[in-house]
Amino acid sequence: MGDIENETQSQDFFQFQPEAAAETPASSGEFRAEMHDFTILSVDDDEMFQNSLKLSLAGFSYRGIAPRILSASSANEAAKLLLENPSTAVLLLDIVMETDDAGLRLVRTIREVLGNSQLRIVLLTGQPGMAPMQSSLETYDISDYWLKTDLTNERLHSILTANLRTFEQIDVLNRARRGLQSIVEASNSLARSSGFEDFSRRMIHELAALLGVGEDGIVCVRGRDREQPPKIVGSAGRFASVLNQTLDTISDESVRDLIQRSLGEQANIETAMAQVLFFPGQAVAPPAAAYIATNRRIDDTERELLRVFATNIGTGLINVALTSQLDRIAYEDGLLEIANGNALKRGVQAALEIPPPRRRKVLFIELNQYARSCVSLGVEQGERLLRAFAKRLAVAFPPPCLIARLHEDVFAVLGPEYLVRIEYVNRLEAEAQSPEALFFGAEAASLDLNHFTSAQSAIATGLLLLKKAGLKEASGQLVEYDPKIEEETRRRFDLSQQLYKAVLNREIHIVFQPQIDLTDNRIVGAEILARWTRSDGTSIPPADFIPLAEANGLIVPLGQQILELACSALRSMDEAGFPAVTVAVNVSPVQIGRKEFIDELIATTRRYGLSPDRLELEITETVAMEDFQYANNVLSLLKREGFAIAIDDFGTGYSSLTTLRSFEAATLKIDRSFVADLGRASQNETIVEMIIRLGERMNMRVLAEGVETEQQAEWLRSRKCTLVQGYLYARPEPFEQFLARLRNSPIKTA
Ligand code: C2E
Ligand code: CA
Ligand code: CA
């Protein structure tokens with residue numbers, strides 16, 4: 001810590017303009033007036049003596065200033081005047097007034113009742129025999145005792161000078177004590193500060209309080225390298241607006257220069273208008289300068305206090321810098337120097353501590369061409385993109401919004417709901433017509449923090465929601481969190497956990513729905529349908545659990561289990577004497593998408609000693625179309641291996657004739673939504689007729705599923721569609737029941 005550079009050493013600090021000594025009593029709170037305005041009170045009931053005293057004091061001055069003289073003629077009057085003028089320096093008191101001890105009683109009142117220990121008291125008496133006891137003099141801190149007759153002009157002057165000096169010294173001590181007290185309090189307050197900015201603001205506050213001046217101040221730190229302009233980390237009063245700006249944005253040139261000089265010369269600077277304290281900083285703490293406008297010179301005591309203050313604060317500053325350095329490491333994104341995921345979590349946690357309604361939102365935003373930019377234009381372009389995007393985010397979501405980068409190109413904004421609006425994400429694009437010609441397409445998801453109790457789950461939900469936004473067909477989707485959807489997701493999550501156990505314990509079983517040829521009413525096969533009955537007896541329909549299994553991958557082991565059950569049933573049918581009956585197994589696109597699928601399928605049928613043509617694989621039309629090339633390959637391979645293929649739910653997709661031909665499927669299954677309308681002269685009848693004719697022309701079997709009425713059956717029969725499946729003939733049933741039905745085949749319709 002450099003010594004306070006004293007530009008004013010040569011001057012006398014206690015030199016005052018004459019008007020300072022004028023009648024106006026010192027306005028309280030102003031250090032300087034309190035200190036330098038000398039008042040002398042003379043108390044005597046002897047009017048003659050009072051007058052001669054005044055005459056004698058007319059020519060007296062201390063440090064060039066004529067003191068103010070007050071006079072009282074009784075102890076009561078004196079006490080009153082002292083109350084009104086608490087900074088009175090010297091009391092000239094006639095010990096004997098209305099009573100012999102009136103003077104001493106006043107002294108006791110001053111010291112014990114008024115609690116004024118600073119006032120210098122000079123006792124005077126007209127009678128030599130009235131001297132007070134020595135003990136009283138000591139007890140009440142009475143400086144002098146004089147016989148009025150001994151008081152010459154010079155003596156009076158020297159007594160007053162001595163007492164004024166003592167008064168002044170006591171005053172300095174008292175102020176120093178008060179100042180030190182406030183420094184201790186200031187350090188305590190500063191130690192509690194939460195970061196550099198808070199610390200700096202408090203520092204200005206404490207400095208202003210110490211000097212009894214307004215809070216016009218700036219705390220500035222030198223940039224990380226000397227090239228960078230110093231940064232304003234704290235400001236108050238008329239400088240409040242420059243917070244977080246660089247020093248060069250301050251319009252007042254003299255202020256700018258002073259701070260610059262202090263940082264450059266690494267020294268404190270003092271002028272008639274301001275103080276700049278320099279803090280050298282340490283490894284982690286950057287050098288800092290604190291400027292405070294005093295609009296006056298400070299005195300020796302204040303200067304001494306400032307030194308103590310600065311030393312105290314210096315260590316505090318280092319501590320805060322250290323924590324904020326740690327803060328930076330833990331809470332700042334290394335690349336963009338903005339908040340990171342930890343900071344977001346901390347912010348969300350703090351927001352969640354607010355009792356609802358919190359009116360806080362978090363927005364998750366993902367740039368949708370970042371990866372592409374990086375791949376095609378290099379990482380540098382990717383970084384440029386991120387920087388530009390972060391800048392634009394800061395404009396669209398101004399403070400107090402917190403902008404954080406979570407990873408790669410995923411950002412989050414936390415703030416009050418009136419600022420954090422999902423539609424503002426569109427502004428990021430709207431403003432993209434910059435010369436940089438960077439276009440930002442972004443996905444976004446927003447959460448209302450009222451729905452959450454933990455930061456962890458809020459952030460996890462937000463990221464998941466962002467994924468959902470990205471999955472939507474068109475890019476640049478915005479998704480808002482809906483607790484109902486969340487509830488549904490929760491329910492599905494619970495169900496998928498249960499399903500996991502059910503698959504593991506092989507609790508999913510199969511039922512058989514007969515497929516009939518109407519030409520001879522014979523059962524030609526069965527479709528195998530999965531069933532899940534939970535231990536509490538309730539069952540979950542496959543339309544619910546199959547999509548779930550597809551979503552979490554369970555469909556792979558589950559599909560394998562069903563295949564094995566189907567194979568084992570085929571074996572049983574062989575043994576029961578029905579080697580020509582086929583079974584149709586539904587195969588999910590997730591299964592077909594796996595390279596291992598065909599090999600596993602072949603291995604399974606071999607293990608059961610079955611010829612592949614006993615198995616028909618039902619694949620939905622939409623699925624077959626999705627990745628046509630791939631599906632086509634798989635289907636060809638399957639066909640070459642001898643498996644039969646059925647296109648399930650036919651009519652609901654958009655197969656063109658050519659693609660249909662290339663699927664090499666053996667069977668078309670007419671979706672039951674078409675069948676439901678048959679016999680009612682609806683448009684669907686035309687479609688079904690077309691499908692039937694299509695199948696004939698391409699040499700495919702056509703099977704109508706969901707046949708429920710005799711009317712539908714009749715309609716189909718008259719169009720030569722003789723393969724049917726539906727409740728009219730049989731509902732899906734357990735294997736034993738199906739086997740019994742086979743034994744009674746050909747079956748009769750109900
Ligand atoms: P899907 O493959 O179209 O199966 C036919 C559905 O229609 C079955 O429903 C069956 O019970 C029902 N059904 C049969 N006849 C009639 C009828 O006359 N009228 C009506 N209204 N419905 C009839 P289920 O068993 O609920 O299966 C629903 C869907 O679940 C199936 O549709 C299939 O997509 C899927 N699924 C069922 N089991 C499996 C399986 O083992 N693996 C795969 N991947 N999916 C399966
Ligand atoms: Ca099916
Ligand atoms: Ca179907």
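Counting convention: from 1, in listed order, for ligands and their atoms alike. Just the heavy atoms: all of them, side chains too, but no hydrogens, waters or symmetry mates, feed the values below. Since we're looking at a predicted model, the values are computed, not measured.
- The Ca ion (ligand 2) has no N, O or S atom of Thr620 under 3.0 Å away, backbone or side chain.
- At the top of the distance list for atom 6 (C) of ligand 1, counting protein heavy atoms only, stands Arg672 NH1, 3.1 Å.
- The distance from the CG atom of Leu447 to the CD1 atom of Ile459 is 9.0 Å, given to the nearest 0.5 Å.
- Interatomic distance, Phe411 CZ to Leu393 CG, rounded to the nearest 0.5 Å: 6.0 Å.
- Counting protein heavy atoms only, atom 11 (O) of ligand 1 is closest to Pro732 CG, 3.5 Å.
- Contact annotation for Leu728 and ligand 1: no heavy atom of the residue comes within less than 4.0 Å of the ligand.
- The nearest N, O or S atom of Glu618 is not closer to the Ca ion (ligand 3) than 3.0 Å.
- Closest N/O/S atom of Asp648 to the Ca ion (ligand 3): OD1.
- Between Phe452 and Tyr481, the ring centre distance stays below 6.0 Å.
- Rounding to 10 degrees, one finds that the Ca ion (ligand 2) sits at the corner of an angle of 90° between Asn586 OD1 and Glu527 OE2.
- For the pair Arg719 and Trp715, the cation-pi test (distance below 6.0 Å, angle within 45°) is passed.
- For ligand 1, the polar-atom distance check against Glu550 finds no nitrogen or oxygen pair separated by under 3.5 Å.
- Taking the ring axis of Tyr727 as reference, the NZ or CZ atom of Arg731 stays within 45° of it and closer than 6.0 Å to the ring centre.
- Between Arg534 and Glu507 there is no salt bridge, since none of the side-chain N atoms of the basic residue sits less than 4.0 Å from a carboxylate O of the acidic one.
- When non-hydrogen atoms are compared, ligand 1 lies under 4.0 Å from the backbone of Ala530 as well as from its side chain.
- In the candidate list Asp544, Ile546, Asp649, Ile546 is nearest to atom 36 (N) of ligand 1, counting heavy atoms.
- Checked for salt-bridge contact, Glu714 and Arg717 meet the test: a charged N lies under 4.0 Å from a carboxylate O.
- Note on Asp649: not counted as a metal contact of the Ca ion (ligand 2), no N/O/S atom lying under 3.0 Å.
- Of the charged side-chain nitrogens involved, none lies within less than 4.0 Å of a carboxylate oxygen, so that Arg672 and Glu705 do not count as a salt-bridged pair.
- Residue Gln725 does not touch ligand 1, judged by heavy-atom distances below 4.0 Å.
- One finds no salt bridge joining Arg492 and Asp544 here, because no Lys/Arg side-chain nitrogen approaches an Asp/Glu carboxylate oxygen to under 4.0 Å.
- The closest non-hydrogen atom to atom 46 (C) of ligand 1, taken over Leu565, Asn586, Ile508, comes from Asn586.
- Taking a distance limit of 4.0 Å, we find that atom 42 (N) of ligand 1 is approached by some protein heavy atom.
- Looking from atom 27 (O) of ligand 1 to the surrounding protein, the closest heavy atom is Pro542 CG, 3.4 Å.
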